[in-house]
2 protein chains.
Amino acid sequence: MRLFHARGYDAVGVAELGAELGIKPPSFYAAFGSKAGLFERTLRRYAAGEANVFARALAAGGDVATVIGRTLALAAELYPGQGGTAGCLVLDGARNSADPEAQALADAAKREGRAAVRDFIATEAPDRADALADLVVVAMMGMSAAARDGADRERLERVAAMMDRAFRRELAGA
Amino acid sequence: MRLFHARGYDAVGVAELGAELGIKPPSFYAAFGSKAGLFERTLRRYAAGEANVFARALAAGGDVATVIGRTLALAAELYPGQGGTAGCLVLDGARNSADPEAQALADAAKREGRAAVRDFIATEAPDRADALADLVVVAMMGMSAAARDGADRERLERVAAMMDRAFRRELAGA
DNA sequence: GATTTTTTATAGTGGTCGCTACAAAAAAAT
DNA sequence: ATTTTTTTGTAGCGACCACTATAAAAAATC
């Protein structure tokens with residue numbers, strides 16, 4: 001997970017993944033089937049853990065504006081990463097990958113995440129849920145990209161606060 | 001440029017680039033020195049053309065809010081791309097690249113673009129120029145990523161309009 | 001027209017990719 | 001303890017990578 005997160009799907013080789021896990025290629029393929037197989041499990045574990053900032057924000061309760069604001073704040077806190085694991089693995093892990101399978105897996109994970117955000121927003125603003133979800137997703141993707149380009153936590157939190165205000169305004173306004 | 005834009009730096013091979021240009025590898029290296037050498041020229045041409053949405057928005061005149069709003073609108077119009085060239089080549093062309101030279105070239109281009117936006121914003125809001133520039137850059141990066149993930153022009157324009165309102169609010173507000 | 005210079009294509013450099021055949025070693029079962 | 005099964009390491013599969021030595025063709029010069 002750390003390797004995929006830090007360098008992206010294509011830039012990490014099976015031999016290196018095996019070395020990190022303490023196994024050799026044949027054992028790797030016996031365990032995961034393929035490189036994409038491990039990536040799938042990696043995405044699943046990533047999305048099931050603390051990296052799912054929306055799920056964490058949702059669990060803490062509150063109305064839509066509160067939860068989305070918390071989601072953005074948690075992303076700003078998480079995305080600087082450590083040891084090179086900046087940004088979001090789901091959003092950027094397969095970016096520019098030449099492997100269609102890896103792209104499809106990341107795409108599915110992104111759709112899942114966006115759908116959760118959209119459906120939650122729809123509980124308060126059903127007719128504008130899609131547009132508002134796009135705002136949130138674009139904000140997250142932008143923050144993830146900025147983090148991957150070296151933005152630190154302070155800058156991300158500043159952006160997250162502005163995005164939060166933007167979301168509240170759009171949710172409340174016409 | 002089209003190939004780098006559509007698939008990212010690493011996913012395009014020198015042989016394929018040569019085939020597109022109608023030349024073979026030796027001529028390719030005689031002309032550009034290296035794959036990164038062509039990428040540098042590609043970035044330069046890209047940033048000097050209509051893809052530099054901020055330069056185009058600036059040339060059309062107006063105050064900071066107007067120019068930034070126009071920048072975002074032009075990005076929403078440009079980023080869906082055609083023939084697979086979605087998003088921004090500078091922002092995403094070397095994303096997850098394993099080549100340090102390509103990363104450095106894209107990074108330099110990004111810094112240049114951000115500096116232009118920041119300096120322009122500073123003409124009206126010198127003390128908040130950095131934060132506001134981050135807002136714009138994150139919005140652009142998010143829109144570029146969304147476009148690469150398949151977002152069409154309508155959705156990008158909707159997001160751009162919201163980002164524009166967010167920027168105006170932050171520029172005017174406390 | 002002959003000679004020199006430049007440009008080009010052919011072919012191949014070593015290296016890495018995801019992945020696997022095969023056989024040795026370890027574990028389990030009899 | 002012997003046999004069977006599973007797991008593992010060694011080695012290598014073909015394919016592709018960025019890049020280049022060499023030599024033939026084309027262009028330019030004389």
Side-chain angles (χ1 to χ4, degrees), chain A residues 1-46 83-85 89-90 92-109 148, chain B residues 1-46 83-85 89-90 92-109 148:
Chain A
M1 187 163 97
R2 188 169 50 79
L3 287 172
F4 280 142
H5 195 167
R7 305 217 300 271
Y9 182 81
D10 285 21
V12 183
V14 169
E16 190 176 1
L17 290 166
E20 191 78 4
L21 298 168
I23 59 176
K24 306 267 175 174
S27 302
F28 178 92
Y29 283 91
F32 307 112
S34 67
K35 184 185 176 186
L38 174 58
F39 188 56
E40 181 175 11
R41 289 185 54 166
T42 302
L43 285 175
R44 217 181 295 278
R45 162 158 296 190
Y46 182 80
T85 62
L89 172 64
V90 170
D92 282 320
R95 180 80 58 204
N96 285 341
S97 171
D99 187 335
E101 197 172 350
Q103 288 181 0
L105 289 167
D107 200 57
R148 294 209 136 223
Chain B
M1 186 164 98
R2 188 169 49 81
L3 288 172
F4 280 143
H5 194 167
R7 305 218 300 271
Y9 182 81
D10 285 22
V12 183
V14 168
E16 191 176 1
L17 291 166
E20 190 79 4
L21 297 168
I23 59 177
K24 306 268 174 173
S27 303
F28 178 92
Y29 283 92
F32 308 112
S34 67
K35 183 184 177 185
L38 173 59
F39 188 57
E40 182 177 10
R41 289 185 54 166
T42 301
L43 286 176
R44 218 181 295 277
R45 162 159 296 194
Y46 183 80
T85 62
L89 173 64
V90 169
D92 282 320
R95 180 81 57 204
N96 286 341
S97 171
D99 186 333
E101 198 172 350
Q103 287 181 1
L105 289 167
D107 201 58
R148 295 210 134 224

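Letters go in sequence order (proteins before strands), and every chain restarts at 1.
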Quiz item: Nucleotide range of DNA chain D contacted by chain B, 5' to 3', under 4.0 Å to a heavy atom?
Solution: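 Extent of the interface on DNA chain D: dA18(D) to dA21(D).
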Once you round to the nearest 0.5 Å, how far does [atom1] of [X] lie from [atom2] of [Y]?
| X | Y | atom1 | atom2 | result |
| --- | --- | --- | --- | --- |
| Glu40(A) | Arg45(A) | CD | CZ | 14.0 Å |
| Asn96(A) | Asp10(B) | CG | CG | 8.0 Å |
| Arg148(A) | Asp92(B) | CZ | CG | 11.0 Å |
| Glu101(B) | Lys35(B) | CD | NZ | 11.0 Å |

Exercise. Write down the atom of Ala102(B), the atom of Phe39(B), and the distance for their closest heavy-atom approach.
Key: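 The answer is O-CE2, 3.7 Å.
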Quiz item: What string of B, S and - do you get for nucleotides 9-24 of chain C 5' to 3' if you count protein non-hydrogen atoms under 4.0 Å?
Solution: BB-------SBBB---
Quiz prompt | Residue list, ring-ring contact (aromatic ring centres under 6.0 Å, His included) with Phe28(B), at least two apart or on another chain | solution =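 Partners of Phe28(B) under the ring-ring contact (aromatic ring centres under 6.0 Å, His included) test: Phe32(B).
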Quiz item: Are the side chains of Val12(B) and Glu16(B) in touch, meaning some heavy atoms are under 4.5 Å apart?
Solution: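 Contact flag for Val12(B)/Glu16(B) side chains = yes.
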Quiz item: In terms of the angle between their ring planes, are Tyr46(A) and His5(A) parallel, tilted or perpendicular, with boundaries placed at 30° and 60°?
Solution: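 Answer is perpendicular, since the angle exceeds 60°.
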Self-check item: dT30(C) pairs with, by Watson-Crick or G-U criteria that keep both distances under 3.5 Å
Solution: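 Partner of dT30(C): dA1(D).
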